[in-house]
Asks: 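Mind looking over this structure? Questions follow.
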Amino acid sequence: MVERVYEAGDLVGVLTAEPLGRLLDYRSPEGGCGTGDFVEVPLGPRRVLGVVWGSGEGKFDPAKIRPVTRVLDAEPMRAELRAFLQRAAEYTLTPLSAMLRLATRAPGLGDPPSMKRVYRLGPTVPNSLTDARHRVVEALRAYGGAPVTLSELAEAAACGPAVVKGLVKLGVVLEEDAPRDLPYPPMDPRSPSGFLGPHLVGDQVAAGDALVATVAQGSYSTTLLKGVTGSGKTEVYLEAVAETLRQGRQALVLLPEIALTGDFLARVEGRFTARPAEWHSGVTMTERRRLWRMVGQGQAQLVVGARSALFLPFRDLGLIVVDEEHDTSYKQEEGVLYHARDMAVLRAAIAGFPVVLSSATPSLETWANVDSGKYARLDLSSRYGPAVMPQMAALDMREEKLPADRWISERLARAVQARIDRQEQALLFLNRRGYAPITICRACGHQVGCDDCDARMVEHRFLKRLVCHQCGATKPIPTECPSCKVEGRMAPVGPGVERLAEEVAKRFPEARLAVLSSDLFGSARALKDQIKLIADGGADIIIGTQIVAKGHNFPLLTLVGVIDADLGLQGSDLRAAERTFQLMRQVAGRAGRADKPGTALLQTYQPEHLVIRAILGGDEEAFWKAEAAERRMAGVPPYGRMAGIILSSPDVAQVFDFGADLARRIDPLLRIGAQVFGPAPAPIARVRGRHRVRLLIKAEKSAPLQAAIAEWLAQFKIPTNLRLSVDIDPQSFY
Ligand code: ADP
Ligand code: ZN
């Protein structure tokens with residue numbers, strides 16, 4: 001892109017986050033402006049944020065073109081980020097304005113700097129101080145002179161604000177005003193000679209060296225860092241981060257479920273002597289603005305964030321690490337439909353820096369890119385220290401003959417009891433929230449569904465209500481059947497974690513039980529506290545949904561029991577086998593992470609199923625090869641391309657008619673050799689009162705899919721109350 005400077009009065013094209021489908025022409029303000037400048041422009045009666053994207057088109061009446069209101073006091077958007085937004089928009093078939101919205105998700109970006117009250121240590125500290133006062137002094141010393149706010153300081157010192165204020169009165173602590181958006185404390189990457197960080201061992205050494213060399217080279221590349229859970233992948237990629245910081249560049253580590261990573265942040269702080277900047281939905285608005293500005297000024301060296309951190313305006317980004325790269329939460333399924341792993345690779349390719357994809361169970365996409373030579377691969381083959389991989393075995397449930405309201409087999413129960421006796425922990429894994437997935441009337445067979453969605457309602461006993469997992473609607477648990485009106489015959493069918501907890505409590509009355517399910521916790525902090533409690537040994541039996549699969553370290557945990565290993569194998573999702581394989585291996589990986597060996601037991605009705613055998617056998621390469629061969633034969637991702645078209649409307653006839661219309665005029669798609677399937681009712685045919693219809697487009701890998709879809713859709717005028725979204729590389733098909 002050409003960087004230009006515009007004189008006052010020149011025509012400029014401004015991109016705004018408004019859904020207008022084009023740039024708007026304005027006159028450059030007094031003092032001029034340049035490409036990439038953040039500006040405020042008048043739009044009708046409002047003033048909106050925009051970015052100078054290039055020269056104006058001059059298609060409007062020149063007399064009516066208004067001037068830019070002002071150039072904001074923010075770093076201009078760099079060419080690299082502009083090119084990335086443009087390419088990401090083209091790839092995902094998303095309007096550029098929506099991409100800009102992703103890149104400006106912080107409030108008051110153009111506000112002039114304001115002040116806030118901060119604290120630091122005064123010149124003299126008396127020798128005798130109360131404990132609380134002493135902690136404040138120590139906390140301030142730990143900050144090394146960096147200014148802190150009252151609430152940060154009180155938290156760090158575990159005292160009330162009054163203690164700090166008392167010290168201010170004594171002159172021990174100084175109170176002053178400082179700019180509101182403070183730089184992040186500098187991180188100490190320390191070079192190999194002045195060492196900091198762990199001494200890598202075994203195959204960690206070669207992997208670490210290779211990544212450091214890649215970073216030192218500084219050009220684009222993607223490397224898969226593959227290693228079993230607990231093999232030290234994090235330690236290894238932090239060395240790549242260290243090298244990036246030594247180069248004076250910035251690094252970004254993407255994590256799934258970021259809010260749960262207090263553990264991770266503490267670890268990074270231990271390695272680099274300062275806390276990294278955090279970016280995710282749980283971060284306050286003021287903190288977001290601070291991060292957004294500081295990252296642009298290069299005053300945040302390391303950002304740890306959720307997928308949207310990809311759109312931050314880094315001054316000089318030199319590395320992206322995508323941790324747990326296979327994780328499904330990297331695909332954003334609402335608004336702009338993008339996959340953070342793929343977009344990380346795109347940004348790196350445009351800007352010219354390396355990407356590291358880290359996982360114990362990589363996605364088949366990544367595996368195939370390694371296989372074809374596009375990505376490099378580094379392996380860590382064993383767990384760090386004395387920890388060994390868990391023993392895995394299937395429990396054949398056909399032999400168990402359990403009553404209909406019990407889910408824990410005798411053999412699993414005995415294994416759990418043995419752990420309790422040895423004061424170790426057992427985890428029972430069931431990927432189903434709530435009490436029971438189905439509420440049925442024993443008189444007429446009616447199942448209670450959501451009024452607005454084509455979905456059954458799930459009983460949540462904890463909330464004492466039925467909940468729709470599609471739209472979140474709730475209703476009381478009925479005592480009378482909504483259909484046949486018979487009283488007292490409504491019954492729960494099947495287990496969720498809450499019901500499993502009931503069985504456990506009955507069976508192991510003396511055991512301390514902890515349930516980990518995302519919906520049971522009002523806040524991320526409460527969930528963090530619960531995770532810490534478990535890690536510290538405060539529970540004997542843990543029941544969890546898939547949030548327990550994600551990287552937590554429970555040193556006392558030596559048994560993982562999977563209640564229903566077949567659960568993910570049902571359904572027609574093309575990734576069902578891959579997902580089950582990944583999830584089961586991740587969950588099993590929770591067992592035996594410290595010095596005691598672990599065991600994973602999988603309850604299954606089909607122990608001879610290929611996927612179950614692959615999970616148990618542990619011959620991963622064979623599994624991936626077989627899975628790859630099948631997908632190649634079927635011409636599906638990663639060996640072919642797919643796009644989903646999702647139509648929804650409150651009017652069922654309209655949505656089907658429009659879908660049929662789309663399917664009738666597909667010349668642009670046929671020209672690239674694509675196939676079109678549908679329209680068909682979506683698996684969940686109604687959500688929030690809107691009827692949903694899907695079309696699926698399949699094409700060869702090299703086909704110019706986006707251009708063809710754009711040309712195809714341009715033929716139609718979309719009715720006002722109909723919503724159409726295009727999902728390139730769909731991950732879910734609901
Ligand atoms: P992974 O990311 O592959 O699951 P981690 O990096 O979390 O593995 O390592 C597992 C545990 O082993 C962590 O507690 C980590 O600090 C420790 N560890 C790994 N490698 C080393 C090392 N070279 N020196 C010291 N501790 C290590
Ligand atoms: Zn619903």
Side-chain angles (χ1 to χ4, degrees), residues 328 333-334 397 402-407 428-503 515 517-520 543-547 562-573 575-576 579-580 583 603 605 646 648-650 652 655 680-694 731-734:
T328 50
E333 298 283 8
E334 257 169 33
M397 296 301 281
L402 285 181
D405 59 348
R406 279 181 37 205
W407 293 276
L428 298 179
F429 176 76
L430 177 63
N431 203 11
R432 250 194 200 148
R433 293 180 289 132
Y435 184 81
I438 304 172
T439 302
I440 198 171
C441 169
R442 292 255 183 256
C444 74
H446 174 77
Q447 302 183 2
V448 183
C450 174
D451 297 337
D452 299 320
C453 305
D454 180 20
R456 296 186 191 114
M457 293 197 89
V458 178
E459 180 177 345
H460 284 244
R461 208 154 271 197
F462 187 71
L463 299 173
K464 301 194 177 61
R465 292 181 83 78
L466 298 178
V467 179
C468 170
H469 284 185
Q470 292 308 317
C471 72
T474 70
K475 47 173 117 161
I477 301 166
T479 53
E480 169 195 299
C481 174
S483 177
C484 73
K485 311 291 175 202
V486 170
E487 186 71 30
R489 300 294 305 277
M490 301 306 292
V493 175
V497 282
E498 294 174 18
R499 197 171 193 186
L500 186 63
E502 224 173 61
E503 185 180 350
V515 182
S517 174
S518 53
D519 58 320
L520 292 179
I543 291 180
T545 59
Q546 65 173 342
I547 57 168
V562 176
I563 297 300
D564 186 353
D566 308 332
L567 201 55
L569 292 174
Q570 300 144 4
S572 56
D573 191 327
R575 292 183 178 83
R579 295 265 161 80
T580 303
L583 188 57
Q603 298 194 148
Y605 284 91
I646 305 110
S648 75
S649 163
V652 64
V655 74
I684 299 174
R686 200 165 55 107
V687 172
R688 292 189 173 88
R690 300 179 70 91
H691 298 273
R692 304 172 74 246
V693 160
R694 296 187 63 108
Q731 297 283 315
S732 73
F733 297 83
Y734 75 93

Asks: Run the numbers on C441 and S483 for side-chain contact (heavy atoms from CB on, under 4.5 Å), then give the verdict.
Replies: CA-CA 9 Å; C441 169; S483 177; over 6 Å; no
Asks: Provide the closest heavy-atom pair for I440 versus V493 in the form atom of the first, atom of the second, distance.
Replies: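 Scanning both residues, the minimum pair turns out to be CG2-CG2, 3.4 Å.
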Asks: Side-chain contact, heavy-atom cut-off 4.5 Å: I477 with P492?
Replies: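 With C-beta onward as the side chain, the pair stays apart.
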Asks: Taking side chain as C-beta onward, heavy atoms only, is T328 less than 4.5 Å from Q731?
Replies: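 SC-SC contact between T328 and Q731 ruled out.
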Asks: Are D564 and R432 ion-paired here, with the side-chain N under 4.0 Å from a carboxylate O?
Replies: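 No, no charged N to carboxylate O under 4.0 Å.
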Asks: Any non-hydrogen side-chain atom of L466 less than 4.5 Å from a side-chain atom of V448?
Replies: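 Yes, their side chains come closer than 4.5 Å.
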Asks: Measure across E502 and R461 and return the closest heavy-atom pair with its distance rounded to 0.1 Å.
Replies: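 Heavy atoms of E502 and R461 come nearest at OE2-NH1, 3.6 Å.
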Asks: To the nearest 0.5 Å, what is the distance between CG (D452) and CD (Q470)?
Replies: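 That separation rounds to 12.0 Å.
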Asks: Less than 4.5 Å apart, side chain to side chain, heavy atoms only: is that true for V515 and F462?
Replies: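 No; the side chains remain at least 4.5 Å from each other.
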Asks: What pair of heavy atoms forms the shortest contact from V497 to L430, and how long is it?
Replies: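 Heavy-atom minimum between the residues: CG1-O, 3.5 Å.
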Asks: Are the side chain of Q447 and the backbone of R456 linked by a donor-acceptor contact shorter than 3.5 Å?
Replies: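 No, the answer is negative, given that no donor and acceptor are paired below the 3.5 Å cut-off.
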Asks: At their closest point, which heavy atom of A443 faces which heavy atom of C484, and how far apart are they?
Replies: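 For A443 and C484, the tightest heavy-atom pair comes out as CB-SG, 4.1 Å.
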Asks: Between R694 and A682, which heavy-atom pair has the shortest distance, and what is it?
Replies: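 Looks like CG-CB, 3.7 Å.
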Asks: Hey, mind stepping through T474 and L463 against side-chain contact (heavy atoms from CB on, under 4.5 Å) and telling me if it holds?
Replies: CA-CA 10 Å; T474 70; L463 299 173; 5.6 Å; no
Asks: Inspect the surroundings of NZ in K464 and state if more than 12 heavy atoms from other residues, nucleotides or ligands are less than 6.0 Å away.
Replies: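 No, because the 6.0 Å sphere around NZ of K464 holds 12 heavy atoms or fewer from other groups.
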Asks: From C481 SG over to R442 CZ, what is the distance, rounded to the nearest 0.5 angstrom?
Replies: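 That separation rounds to 12.5 Å.
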Asks: Give a yes or no on whether the backbone of D451 and the side-chain of R686 come within a donor-acceptor separation of less than 3.5 Å.
Replies: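 Looks like yes, one N/O pair under 3.5 Å.
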Asks: How many angstroms lie between atom SG of C444 and atom CZ of R489, to the nearest 0.5 angstrom?
Replies: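 With rounding to 0.5 Å, SG (C444) is 10.0 Å from CZ (R489).
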Asks: I'd like to know if the side chain of R433 and the backbone of T545 have a donor-acceptor N/O pair within less than 3.5 Å.
Replies: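 Answer holds: no.
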Asks: Considering all heavy atoms of both residues, which atom of C468 and which atom of M457 are nearest to each other, and what is their separation?
Replies: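 Looking at all heavy atoms of both residues, the shortest contact is N-CE, 3.5 Å.
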Asks: Does any non-hydrogen side-chain atom of R692 lie less than 4.5 Å from one of I646?
Replies: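 Answer yes - side chains close enough.
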Asks: How long is the span from the CD atom in E480 to the CE atom in M490, to the nearest 0.5 Å?
Replies: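 With rounding to 0.5 Å, CD (E480) is 9.5 Å from CE (M490).
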Asks: Quick check for you: to the nearest 0.5 Å, what is the distance between I543 atom CD1 and E503 atom CD?
Replies: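 One gets 8.5 Å once the value is rounded to the nearest 0.5 Å.
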Asks: First locate atom CZ of R465, then atom CD of E459, and finally report the distance between them rounded to the nearest 0.5 Å.
Replies: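 Atom-to-atom, R465:CZ and E459:CD are 12.0 Å apart.
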